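Numbers here simply count residues along the sequence, with the first being 1. This is a predicted model, so every value here is computed, not measured.
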Amino acid sequence: MTPMMSKLRLTLGCWNYDRTRALMDGSVQPDGIDLNYLNMPVEETFFRMLRHQEFDVAELSLSSYSVSLSRPGKPFVAIPIFPSRFFRHSCIYVNAKAGIRGPRDLIGKRVGTPEYQMTAPVWIRGILAEHYGVPVDSVIYCTGGEEEPGRSEKISLDLPPSIRIEPIGPTQTLAQMLLDGEIDALYTARMPSTYRTGGGRVKRLFEDYPEVERQYFRDTGIFPIMHTVAIRREVYEANRWIAQSLTKAFTEAQRRCYADLQETAALKGMLPWLTAHLEDTRREMGDDYWPYGLERNRKTLDTFLRYHHEQGLSKRLLSPDELFAPEALESFKI
């Protein structure tokens, strides 16, 4: 009797998303891989992968991954899978008394951002500069923990002198500083707690953000990418086939999520008008409104990488083709 071949056991650090849940519950299994899916919030996954490379594969900040490509040995290689995308106009918060009524009022202000290299602020700074005339170097950036003191950049940065960064104090948080007026604005990924609890003292710059973001998509065709999926380079180099295997599995998990969202016998998500929201999204953005792969995302990636370079985070302008394992970019045809 022929013995069973064992599968390659890999750890995956990734949050619990509807589009990856089939990988987490095992109903989709990557070819040849026994996947140990570790469900963690993104901040924990990023910290542990970037500082200690604890996982074989992980969801990773697109910005942090792009920074890593200039590091010796390039510790990671990505596949063109994007578990997180987000329009970020909604994520610019201001102190109501700071006199910020429009984007250009940000010029000269003190702006909090948990980490300068975070993907969300890269998009926010780029959009404000390109579409609203707010130069990246026209504000002072205050970095540190949004809700907990003591946060620092996960990876060291070498920025041009025109970028002014001031770490906040060891007991301070950006959410409280925004409420108290110690910073004027906050560019972030998570909604600060003081937006909900501040009694109107913290506001969004774009309170009508759904329409602003829809218009941005109509004008640019860009649905900003936040995260990709990265493999530790030594794991990839020893098993080049896993790039295609993982890409196929993530794509199948997403296909099942698309199907669940279209189910009308019973709602799979806890939104009462989920069907109407889905139909509206498909009219606006097409049936595959969350595309994976390189070519469908080339303009979005080109734009992000240009922002990344302009903001001093990458020493040269990277190309989208440099980001991903070649085995994940094409497959056989019959």
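For the pair Glu115 (side chain) and Lys154 (backbone), a donor-acceptor distance under 3.5 Å is present.
Using a 4.0 Å cut-off between charged nitrogen and carboxylate oxygen, Arg256 and Glu252 count as a salt-bridge pair. Using a 4.0 Å cut-off between a side-chain N of Lys or Arg and a carboxylate O of Asp or Glu, Asp34 and Lys7 do not qualify as a salt bridge. Contact check on Arg110 versus Asp184 returns no salt bridge, with no Lys/Arg side-chain nitrogen under 4.0 Å from an Asp/Glu carboxylate oxygen. Taking a cutoff of 4.0 Å between a charged side-chain nitrogen and a carboxylate oxygen, Glu213 and Arg218 do not qualify as a salt bridge. A salt bridge is defined here as a Lys NZ or Arg NE, NH1 or NH2 lying under 4.0 Å from an Asp or Glu carboxylate O, and Glu147 with Arg190 fails to meet this definition. A salt bridge between Glu54 and Arg232 is absent, with no side-chain N of the basic residue lying under 4.0 Å from a carboxylate O of the acidic one.
Cluster annotation: Ile127 and Leu301 are assigned to the same hydrophobic cluster (Ile/Leu/Val/Met/Phe/Trp/Tyr, side-chain heavy-atom contacts under 4.5 Å, transitive). Residue Met191 is not grouped with residue Met118 when hydrophobic side chains (ILVMFWY) are merged at heavy-atom distances under 4.5 angstrom, including chains of intermediate members. The hydrophobic cluster containing Ile100 does not contain Leu174, counting ILVMFWY residues as joined when their side-chain heavy atoms lie under 4.5 angstrom apart, directly or transitively.
Side-chain contact annotation: Glu146 with Thr188, donor-acceptor N/O pair under 3.5 Å present. In this structure, a donor-acceptor pair under 3.5 Å is present between the side chains of Arg21 and Asn16. Side-chain contact, Thr11 with Asn36: no donor N or O sits under 3.5 Å from an acceptor N or O.
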Donor-acceptor pairs under 3.5 angstrom involving side-chain atoms of residues 136-145: please list them, not counting sequence neighbours.
{"from": "Ser138", "atom 1": "OG", "to": "Pro135", "atom 2": "O", "distance (Å)": "2.6"}
{"from": "Tyr141", "atom 1": "OH", "to": "Val136", "atom 2": "O", "distance (Å)": "2.5"}

Give every donor-acceptor pair under 3.5 Å between a side-chain atom in residues 67-74 and any protein atom, sequence neighbours left out.
{"from": "Ser68", "atom 1": "OG", "to": "Tyr65", "atom 2": "O", "distance (Å)": "2.6"}
{"from": "Ser70", "atom 1": "OG", "to": "Val67", "atom 2": "O", "distance (Å)": "2.9"}
{"from": "Arg71", "atom 1": "NH2", "to": "Ser156", "atom 2": "O", "distance (Å)": "2.3"}

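Minimum heavy-atom separation, Pro114 to Leu186: CD-CD1, 4.5 Å.
Aromatic rings of Phe87 and Phe223 (six-membered ring for Trp) have centroids within the 6.0 Å cut-off, being under it.
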Could you walk me through whether Arg214 and Glu284 pass the side-chain contact (heavy atoms from CB on, under 4.5 Å) check? CA-CA 8 Å; Arg214 285 189 189 94; Glu284 192 80 59; 3.8 Å; yes
Please lay out, stage by stage, how Arg240 and Glu237 fare under the test salt bridge (Lys or Arg N to Asp or Glu O under 4.0 Å). CA-CA 6 Å; Arg240 298 285 289 262; Glu237 293 292 355; 3.3 Å; yes
What's the verdict on salt bridge (Lys or Arg N to Asp or Glu O under 4.0 Å) for Arg9 and Asp56, showing C-alpha distance, side-chain angles and the deciding distance? CA-CA 9 Å; Arg9 185 164 178 79; Asp56 300 310; over 6 Å; no
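No side-chain heavy atom of Thr173 sits under 4.5 Å from any side-chain heavy atom of Met177.
Within a 6.0 Å sphere centred on CZ of Arg104, other residues, nucleotides and ligands contribute 12 heavy atoms or fewer.
Of the residues listed (Arg282, Arg255, Arg296), the one engaging Asp288 in a salt bridge (charged side-chain N to carboxylate O under 4.0 Å, His left out) is Arg296, and it is the only one.
Legend: residues meeting salt bridge (charged side-chain N to carboxylate O under 4.0 Å, His left out) with Arg306, ordered by chain and number and at least two apart, are Glu130, Glu310. Legend: residues meeting ring-ring contact (aromatic ring centres under 6.0 Å, His included) with Tyr258, ordered by chain and number and at least two apart, are Tyr289. Checked against salt bridge (charged side-chain N to carboxylate O under 4.0 Å, His left out), Arg204 has no partners two or more places apart in sequence or in another chain.
Pairs engaging residues 172-207 under the ring pair (Phe, Tyr, Trp, His ring centres under 6.0 Å) rule: His89-Phe206, Tyr93-Tyr195, Tyr132-Phe206 [sequence neighbours left out].
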